[in-house]
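For reference, the structure is listed below as structure tokens.
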Amino acid sequence: MAALKSSRRIRYLFAVNPTAVLQLGLWGALSIAMMTVDHRYHALDRVRDVLATAVYPLHILVRLPINTQNWLTEKWASRSALLEENAQLREKQIFLNVQLQKLITLEAENRRLRSLLESAVNTPERVLIAELLAVDFDPYRHHILLNRGRQHGLYVGQPVLDQYGVIGQIIRADPLTSTAILITDPNHALPIQINRTGVRTLALGSGKLHELELPHIAHNEDVKVGDVLVTSGMGGRFPRGYPVGTVTAVEFDPGSPFARIIAKPLAQLDRIREVMLLEHEPPIIAPDISDAIAIRTP
Amino acid sequence: MTTTRQTGGGWVIAISFLLAFLISEIPLPSGLDRFRPDWVAMALIYWCMALPHRVGIGVGWGVGLLLDVGRGGLLGQHALALAVVAYLTSQAYRRIRAAPLWQQAFSVLILLAIERILIFWISGVIGYPPQDWWYLAPAIGGMVLWPLLFIVLRDVRRYFQVG
């Protein structure tokens with residue numbers, strides 16, 4: 001009798017629910033179908049829009065304690081601290097203004113020379129500020145979520161910068177939020193130029209936040225540690241001349257056709273809080289990463 | 001017993017998932033960041049174990065879909081992983097539930113590891129293969145913090161008499 005009871009108990013412990021397998025099969029098939037459609041055809045963007053808008057309040061809720069703290073520190077900051085900060089900022093502004101004056105004359109001169117050469121004039125860009133909402137949970141994918149979206153005029157392919165250099169570009173613009181890919185993401189390539197020599201090449205993301213790879217530079221090219229990389233403007237997505245990084249390692253391996261060159265991004269990619277979005281003319285390129293090479297002809 | 005079973009308290013489950021999502025999003029110091037447990041998956045495991053007749057594969061899938069949007073990823077990536085976790089939990093809940101808390105934590109470790117592996121398989125397929133073994137670290141964080149979550153959610157469930 002006891003044996004019967006215990007065997008029933010064991011059978012209870014190992015009971016299998018047959019409909020669960022069916023359920024799992026259905027839901028699993030649905031998710032695989034959705035992933036395929038999402039990845040290959042981008043056909044679920046409307047669904048994502050709706051869901052992203054539904055999730056938006058949650059992101060705001062997460063930011064609430066931090067925002068409240070910032071607000072409180074601002075409200076209750078002592079007068080002397082504020083005065084001190086004010087003085088510092090004023091000093092900094094004078095310093096920056098002096099530099100800006102130099103820049104204005106340089107820019108004017110540059111424009112004059114360019115018009116003499118009859119080459120295209122760099123148009124000034126409009127800048128929009130956005131705040132970081134969240135970092136992608138996948139540690140190997142360098143995506144960040146920003147608190148501005150299509151409603152604020154963001155578009156896919158828009159360059160993202162911080163005060164030190166290029167961060168990345170927008171890859172998805174939802175109504176209220178947007179996702180940016182960092183230049184260190186393994187799937188990102190940035191057309192750059194070595195500032196000292198003018199050599200053009202691509203900077204590929206390495207999957208590490210402090211490393212960019214420059215895999216297409218030949219052995220006989222003049223590259224030194226400390227060289228500054230700037231955007232080259234090729235591909236039309238990033239405007240020319242924004243700082244990207246500095247070369248940190250140059251290795252010549254006689255066995256391989258190219259030099260092994262590593263650069264460090266100038267932007268502080270692990271400390272992003274606020275970013276600048278450049279609005280440099282409407283994107284010339286179809287808003288799809290996959291055909292980034294295709295340039296629209298007039 | 002089955003006749004007096006209450007069916008209310010769905011909002012308690014929903015709010016627990018919401019709080020789990022919020023806790024997961026809060027920034028951590030960079031050393032601990034790698035072990036940041038997936039609270040949403042843990043809450044799902046808890047509810048699948050405590051109320052297998054109410055929370056199952058469908059709920060796991062729905063919660064996962066919201067995570068796909070909230071955390072970034074393909075639509076269906078977290079959904080698939082959490083549906084599998086819910087399935088495994090709903091098949092094994094009788095055994096897991098009967099074990100002492102620290103042994104439960106080991107089962108949770110395995111479930112969370114399976115979830116991570118599924119998510120990173122899919123990431124690998126679309127061109128983001130994991131580069132080291134750190135992606136399994138959140139499962140360890142989850143194992144360590146499982147007793148805490150279990151006790152809190154159990155008391156919440158009893159207090160609100162969610163059945």
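Chain letters run A, B, ... following the sequence lines, proteins first and then strands; every chain starts at 1.
- Interface remark: A:Thr19 contributes no atoms to any contact with chain B (heavy atom separation under 4.5 Å).
- Contact of B:Pro129 with chain A is made through the backbone alone, with heavy-atom distances under 4.5 Å.
- Between the CG atom in A:Leu24 and the CH2 atom in B:Trp61 there is a gap of 13.0 Å [rounded to 0.5 Å].
- Put simply, NE2 on A:His39 and CD on B:Gln77 are 10.5 Å apart, with the number rounded to the nearest 0.5 Å.
- Residue pairs meeting the salt bridge (charged side-chain N to carboxylate O under 4.0 Å, His left out) criterion with at least one member in residues 34-48 of chain A, sequence neighbours excluded, are A:Asp38-A:Arg48.
- With a threshold of 4.5 angstrom between heavy atoms, B:Tyr87 approaches chain A through side-chain atoms but not through N, CA, C or O.
- For the set B:Leu22, B:Leu74, B:Leu80, B:Leu75, the entry with the most heavy-atom pairs within less than 4.5 Å of chain A is B:Leu75.
- We find the CG-CD1 distance between A:Leu26 and B:Ile57 to be 9.5 Å, quoted to the nearest 0.5 Å.
- Between A:Ala20 and B:Gln91 the shortest heavy-atom distance is CB-NE2, 3.6 Å.
- Atom CG of A:Asn187 is separated from atom OH of B:Tyr128 by 4.0 Å, given to the nearest 0.5 angstrom.
- If you measure heavy-atom distances from B:Ile122 to chain A, the contacts under 4.5 Å come from the side chain alone.
- Residue contact with chain A, scored on non-hydrogen atoms closer than 4.5 Å, is absent for B:Arg34.
- Looking at A:Val37, there are no atoms closer than 4.5 Å to chain B (heavy atoms on both sides), in backbone or side chain.
- Of all the listed residues (A:Leu61, A:Leu133, A:Asp185), the one sharing the greatest number of non-hydrogen pairs under 4.5 Å with chain B is A:Asp185.
- In this structure, OG in A:Ser31 is found 9.0 Å from CG in B:Asp68, a value given to the nearest 0.5 Å.
- A distance of 8.0 Å separates CZ in B:Phe120 from CZ in A:Arg141, rounded to the nearest 0.5 Å.
- The shortest side-chain heavy-atom distance between A:Met35 and B:Val125 does not fall under the 4.5 Å cut-off.
- Contact annotation for B:Ile23: neither backbone nor side-chain heavy atoms come within less than 4.5 Å of a heavy atom of chain A.
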